[in-house]
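What you see is a predicted model; the values in this text were computed from it and never measured. Chain identifiers are assigned alphabetically (A, B, ...) following the order of the sequence lines, protein sequences preceding nucleic acid strands; residue numbering begins at 1 within each chain.
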Amino acid sequence: MIPVNKLRTQTEMVRKSLEKRGWNQDRIAVIDEINALDDQRKNFQLQLDSSLNETRQLSAKIGELMKKGSVEEADQLKERIPQLKESIKELEEAFRNCKTELGDKLLTVPNALHDSVPFGKGAEDNEVYKDWQNDFPDIGEKPLPHWELAKKYNIIDFERGAFITGSGFPLFQGKGARLNRALINFFLDEAIDNGYLEIRPPFLVNEDSARATGQLPDKEGQMYFIQEDNFYLIPTGEVPITNIYRDVILKESDFPIRMVGMTPCFRREAGSYGSDVKGLNRVHQFDKVEIVHIEHPDKSYETLQKMLDHVEKLLIKLELPYRILRLCGGDLGFTSALTFDFEVYATAQKKWLEVSSVSNFEDFQANRLMLRYKDETGKTNLAHTLNGSALALARIVAAVLENNQCESGIKVPKVLRKYTGFDMID
RNA sequence: GGUGAGGUGGGUGAGUGGCUGAAACCAGCAGUUUGCUAAACUGCCGUACGGGUAACUGUACCGCGGGUUCGAAUCCCGCCCUCACCGCCA
């Protein structure tokens, strides 16, 4: 949620952001509505506070009189209470309604964008920030897509997964399962070597947590929900890991905070279809190693760059062809100020697969999390949050399988061999 | 799931209807003293939303939500959570 003060003091910047996101003037008008509502809210509060104050003072006087035994005088003062209460009730209601309406409107405003975010409508307008086009591997005359490789070498059983649960719940077995585990360990170890604190969080979260990181109300339909206990299955490790710092006031010396965690991710992916959902391209359950940073506002873009470097290094070590995109205004997530996507080329499918999304949320998430820090003057300010996948498993597995196939099997990337314990899937 | 106890400021913990936004202690910050260390002493030490150029000041918050009362941390109701024991169980 965008902080009201930011919206009020930097109105033009916010307006421009919404334009970049492709909002028309009619929609952008919420900004003015929010301004008006906020004025109203202050006005109600002023009236409410003064009425409450009057009541308190009256009560104090009544107390004194009672103590002195002047019961009649006290009763006289009491006579004024009903009218006061009546007006307090009305004001409270008006105040509450006003705040609710303001809150609802605020929830519809996406994050303000970083200056560098390009204009654009959708995925086709994303800027190629870094391309690596000459390095697609030679995988022979008749390369197989990963779902056929999976079958050929008996390492992923999509049918049985669908039988046990439903489509989109892949079952890894044998060397497939071990490859998956090897990747997880490789990613975690790389992050730990890089100074991250490893976290193993809960995989289900309550409503407050889902709201704080912005999954609610925005992406309600994307999450699996356990009705009986009011829990959501996490769609990403970002949710439980970032929520470690919900309602926290940090000292400046606590920065930087860097965490990494592997979690399964559960996504309903309602409305997806076609070749996008073939094999491992888009599944309902997958593992992901997520990095989360909490930063001082002055440092967050420097940090974003470091995160990009970290993710890029993983892909280089895995020897996968990748490119980096800077998302345009139309394709950027609701909560993000600037996002870079990493895509890996699945050579058999001839498809770019998104394997990481690295974002700076600035203070947007922190505002809902109530995650702040005290600066040297003692003032509390919102911190900045950032996160990124490092990396998302299922699609990386797909790319590893497709890009390393040869006549005799699938070669395991060198960096993974100490984790898998084998060099070939055959 | 059952029974019992409990949820107060960064921590420990007092507080059973008005003088309590909350004692005391610890931690933390600033200062005095001090050859250094230690100790002692003094002051400060919650958050949010408002008003005011400022000094300062209003309101709300003692797990959450309702209620009783002129007045609630304190009484009543519902919920949540924690702890202990029992049951069940990887």
Complement of B:A48, any strand, by Watson-Crick or G-U distances under 3.5 angstrom: B:U59
Whole-Å distance separating the CG atom of A:Asp39 from the C1' atom of B:G50: 13 Å
Trace of the salt bridge (charged side-chain N to carboxylate O under 4.0 Å, His left out) decision for A:Lys6 with A:Asp363: CA-CA 10 Å; A:Lys6 187 178 195 170; A:Asp363 59 11; 3.2 Å; yes
Watson-Crick or G-U counterpart of B:U42, or none if no pair lies under 3.5 Å: B:A30
d(CD, A:Glu64; C1', B:G18) in whole Å: 10 Å
Spacing of the C1' atoms in B:C64 and B:C25 (rounded, Å): 30 Å
Distance flag, aromatic centroids of A:Tyr224 and A:Tyr232, threshold under 6.0 Å: no
Under 3.5 Å on both distances, the Watson-Crick or G-U partner of B:A73: none
A:Leu371 CG - B:U47 P separation (whole Å): 15 Å
Residues A:Arg211, A:Glu207; criterion salt bridge (charged side-chain N to carboxylate O under 4.0 Å, His left out); working and verdict: CA-CA 6 Å; A:Arg211 196 187 318 283; A:Glu207 222 180 300; 3.0 Å; yes
Rounded distance (Å) that lies between atom C1' of B:A48 and atom CG of A:Asn381: 14 Å
Interatomic distance, A:Asn43 CG vs B:G50 P [rounded to whole Å]: 13 Å
All salt bridge (Lys or Arg N to Asp or Glu O under 4.0 Å) counterparts of A:Glu64, not counting sequence neighbours: none
Non-hydrogen side-chain atoms of A:Lys152 and A:Leu144 separated by less than 4.5 Å: yes
Residues A:Lys374, A:Glu252; criterion salt bridge (charged side-chain N to carboxylate O under 4.0 Å, His left out); working and verdict: CA-CA 6 Å; A:Lys374 243 188 229 301; A:Glu252 276 192 273; over 6 Å; no
Atom C1', compared across B:U42 and B:C49: separation rounded to whole Å: 34 Å
Presence of salt bridge, A:Glu54 and A:Arg80, under 4.0 angstrom: yes
P spacing across the pair B:U69 / B:C88, given as an integer number of angstrom: 49 Å
Test: A:Arg21 cationic atom under 6.0 Å from A:Trp23 six-membered ring centre, within 45° of axis: no
Heavy-atom pair of closest approach, residues A:Ile88 and A:Ser51: CG1-CB, 3.7 Å
Produce the list of close N/O pairs, under 3.5 Å, pairing protein atoms with atoms of nucleotides 7-10 of chain B; give distances to one decimal.
none

Touch class at under 4.0 angstrom, heavy-atom based, for A:Arg41 against every strand present: sugar-phosphate
Complementary nucleotide for B:C88 - Watson-Crick or wobble, under 3.5 Å: none
Under 3.5 Å on both distances, the Watson-Crick or G-U partner of B:A54: none
Distance-minimising heavy-atom pair for A:Glu402 and A:Ala348: OE1-N, 3.1 Å
Nucleotide opposite B:U20 in a Watson-Crick or G-U pair, distances under 3.5 Å: none
Integer-rounded Å distance: B:C81 P and A:Asp208 CG: 12 Å
C1'-based separation of B:C83 from B:A39 [nearest Å]: 39 Å
Qualifying side-chain hydrogen bond (donor to acceptor under 3.5 Å, both in side chains) pairs with a residue from residues 182-196 of chain A, counting only residues at least two apart or across chains: A:Asp189-A:Tyr419, A:Glu190-A:Lys317, A:Asn194-A:His310, A:Tyr196-A:His293
B:A14 - base-pair partner by Watson-Crick or wobble geometry, distances under 3.5 Å: none
Nucleotide forming a Watson-Crick or wobble pair with B:G6, both distances under 3.5 Å: B:C81
Whole-angstrom distance between B:G17 and B:U12, as gauged at atom C1': 27 Å
Pairs satisfying ring-ring contact (aromatic ring centres under 6.0 Å, His included), at least one member in residues 156-194 of chain A, at least two apart: A:Phe169-A:His284
Same-atom distance (C1') from B:A84 to B:G71, integer angstrom: 38 Å
Verdict with reasoning, A:Arg96 to A:Glu93, per salt bridge (charged side-chain N to carboxylate O under 4.0 Å, His left out): CA-CA 5 Å; A:Arg96 195 171 42 234; A:Glu93 203 188 323; 5.5 Å; no
C1' atoms of B:G9 and B:C44, separation to the nearest Å: 15 Å
C1' atoms of B:G21 and B:G78, separation to the nearest Å: 27 Å
Distance in angstrom units between A:Gln40 CD and B:G50 C1', rounded: 16 Å
Separation of B:C49 C1' from A:Arg8 CZ (nearest whole Å): 13 Å
Contact letters for nucleotides 26-31 of chain B, in which S counts primed atoms plus P, OP1 and OP2 and B counts the base, heavy atoms under 4.0 Å: ------
Summary of protein contacts for nucleotides 53-73 of chain B, nucleotide by nucleotide, where a base hit scores B, a sugar-phosphate-only hit scores S (4.0 Å, heavy atoms): -----BSS---------BS--
Presence of salt bridge, A:Asp426 and A:Lys411, under 4.0 angstrom: no
